[in-house]
Enquirer: 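One structure, as C-alpha cells, below. Some questions next.
Note: hydrogens, waters and symmetry copies are ignored here, and every other heavy atom, side chains too, is used.
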Amino acid sequence: VDTKLASHISSITRLTDDEVNELFPEPADLKKLAELLKIVKSAETQNKKVNSIMDNAEEFSGVIFTLVNKLV
C-alpha cells in the first residue's frame with residue numbers, strides 16, 4: 001500500500017487514511033483514484049472534467065464503482 005498517496009487522498013477527500021487503504025488496497029487503484037481526483041479538483045469547466053472522465057471511463061470504472069458503493 002502506498003501510504004503517502006493514501007494520506008494525500010485522505011487530505012483532499014472526506015475519507016480517512018484507513019478508509020482509503022481499505023477501499024483501494026492495490027497501488028494501481030490508488031493511482032487511478034488520484035488521477036480521477038486530479039480531474040475533479042482541477043480548475044477546468046465541468047464539461048471539460050466530464051469529458052476527461054469519459055475519455056478514461058474504462059480506466060476509472062472500478063474506482064468510481066467503489067466510491068459510489070461506499071456512498072450507498
Side-chain angles (χ1 to χ4, degrees):
V1 175
D2 187 337
T3 56
K4 184 177 178 183
L5 184 54
S7 181
H8 172 69
I9 290 169
S10 71
S11 75
I12 61 172
T13 67
R14 293 183 180 157
L15 299 171
T16 65
D17 287 8
D18 289 340
E19 288 173 319
V20 171
N21 287 321
E22 180 183 321
L23 291 170
F24 304 101
E26 298 297 323
D29 290 336
L30 270 180
K31 289 179 183 176
K32 290 175 190 175
L33 176 59
E35 184 60 32
L36 177 60
L37 291 174
K38 181 178 174 184
I39 292 168
V40 171
K41 296 281 190 176
S42 74
E44 297 290 335
T45 65
Q46 183 171 345
N47 284 342
K48 286 185 179 183
K49 291 176 187 183
V50 169
N51 287 336
S52 292
I53 292 169
M54 292 302 295
D55 289 345
N56 296 289
E58 190 172 325
E59 178 182 346
F60 294 143
S61 61
V63 170
I64 292 169
F65 178 80
T66 299
L67 288 171
V68 171
N69 196 41
K70 172 76 174 166
L71 297 173
V72 293

Enquirer: Shortest non-hydrogen contact from Arg14 to Glu19?
Expert: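 Where Arg14 meets Glu19 most closely, the heavy atoms are O-OE1, 4.0 Å.
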
Enquirer: Taking atom OG of Ser52 and atom CG of Asn47, what is their separation to the nearest 0.5 Å?
Expert: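 It comes to 11.0 Å.
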
Enquirer: To the nearest 0.5 Å, tell me how far Asn51 CG sits from Glu44 CD.
Expert: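 Here the interatomic distance stands at 10.5 Å.
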
Enquirer: Quick check against the 3.5 Å criterion: does Ser11 have a side-chain atom that pairs as donor or acceptor with the backbone of His8?
Expert: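 Yes, the answer is positive, given that a donor and an acceptor are paired below the 3.5 Å cut-off.
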
Enquirer: Once rounded to the nearest 0.5 Å, what's the spacing between atom CG of Leu67 and atom CG of Leu37?
Expert: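 One finds 7.5 Å between CG of Leu67 and CG of Leu37.
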
Enquirer: Taking everything shown except Lys49 itself, do over 12 heavy atoms lie less than 6.0 Å from its NZ?
Expert: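 Counting other residues, nucleotides and ligands, NZ of Lys49 exceeds 12 neighbours.
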
Enquirer: Please answer whether the main-chain N or O of Phe65 pairs with a side-chain N or O of Asn69 as donor and acceptor at a distance below 3.5 Å.
Expert: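 A pair under 3.5 Å: no.
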
Enquirer: If I compare all heavy atoms of Ala6 with all of Asp17, which pair ends up nearest, and what's the gap?
Expert: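 Heavy atoms of Ala6 and Asp17 come nearest at O-OD1, 3.9 Å.
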
Enquirer: Could you grab the distance from atom NZ of Lys38 to atom CG of Leu36, nearest 0.5 Å is fine?
Expert: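 Reported to 0.5 Å precision, the distance equals 12.0 Å.
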
Enquirer: Taking Lys32 for its side chain and Phe60 for its backbone only, find out whether a donor-acceptor pair lies under 3.5 Å.
Expert: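 Absent.
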
Enquirer: Which atoms form the tightest heavy-atom contact between Leu5 and Ala34, and what is the distance?
Expert: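 So the two residues come closest at CD1-CB, 3.8 Å.
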
Enquirer: Decide side-chain contact (heavy atoms from CB on, under 4.5 Å) for Val40 and Ile53; before the verdict, give the C-alpha distance in whole Å, the side-chain angles of both, and the deciding distance to 0.1 Å.
Expert: CA-CA 9 Å; Val40 171; Ile53 292 169; 4.2 Å; yes

Enquirer: Is the side chain of Ser7 donor-acceptor paired with the backbone N or O of Thr3 at a distance under 3.5 Å, no angle test?
Expert: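 Looks like no, no N/O pair under 3.5 Å.
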
Enquirer: Below 4.5 Å, heavy atoms only, C-beta onward: do Met54 and Val50 meet side chain to side chain?
Expert: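 Yes, side chains in contact.
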
Enquirer: So, for Ile9 and Thr13, which heavy atoms are closest and what is the spacing to 0.1 Å?
Expert: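 Scanning both residues, the minimum pair turns out to be O-OG1, 2.9 Å.
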
Enquirer: Can you name the nearest heavy-atom pair linking Val63 to Asp29, along with the distance?
Expert: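 Where Val63 meets Asp29 most closely, the heavy atoms are CG2-O, 3.8 Å.
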
Enquirer: At their closest point, which heavy atom of Leu15 faces which heavy atom of Lys70, and how far apart are they?
Expert: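 Smallest heavy-atom distance, with atoms named: CD2-CE, 4.4 Å.
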
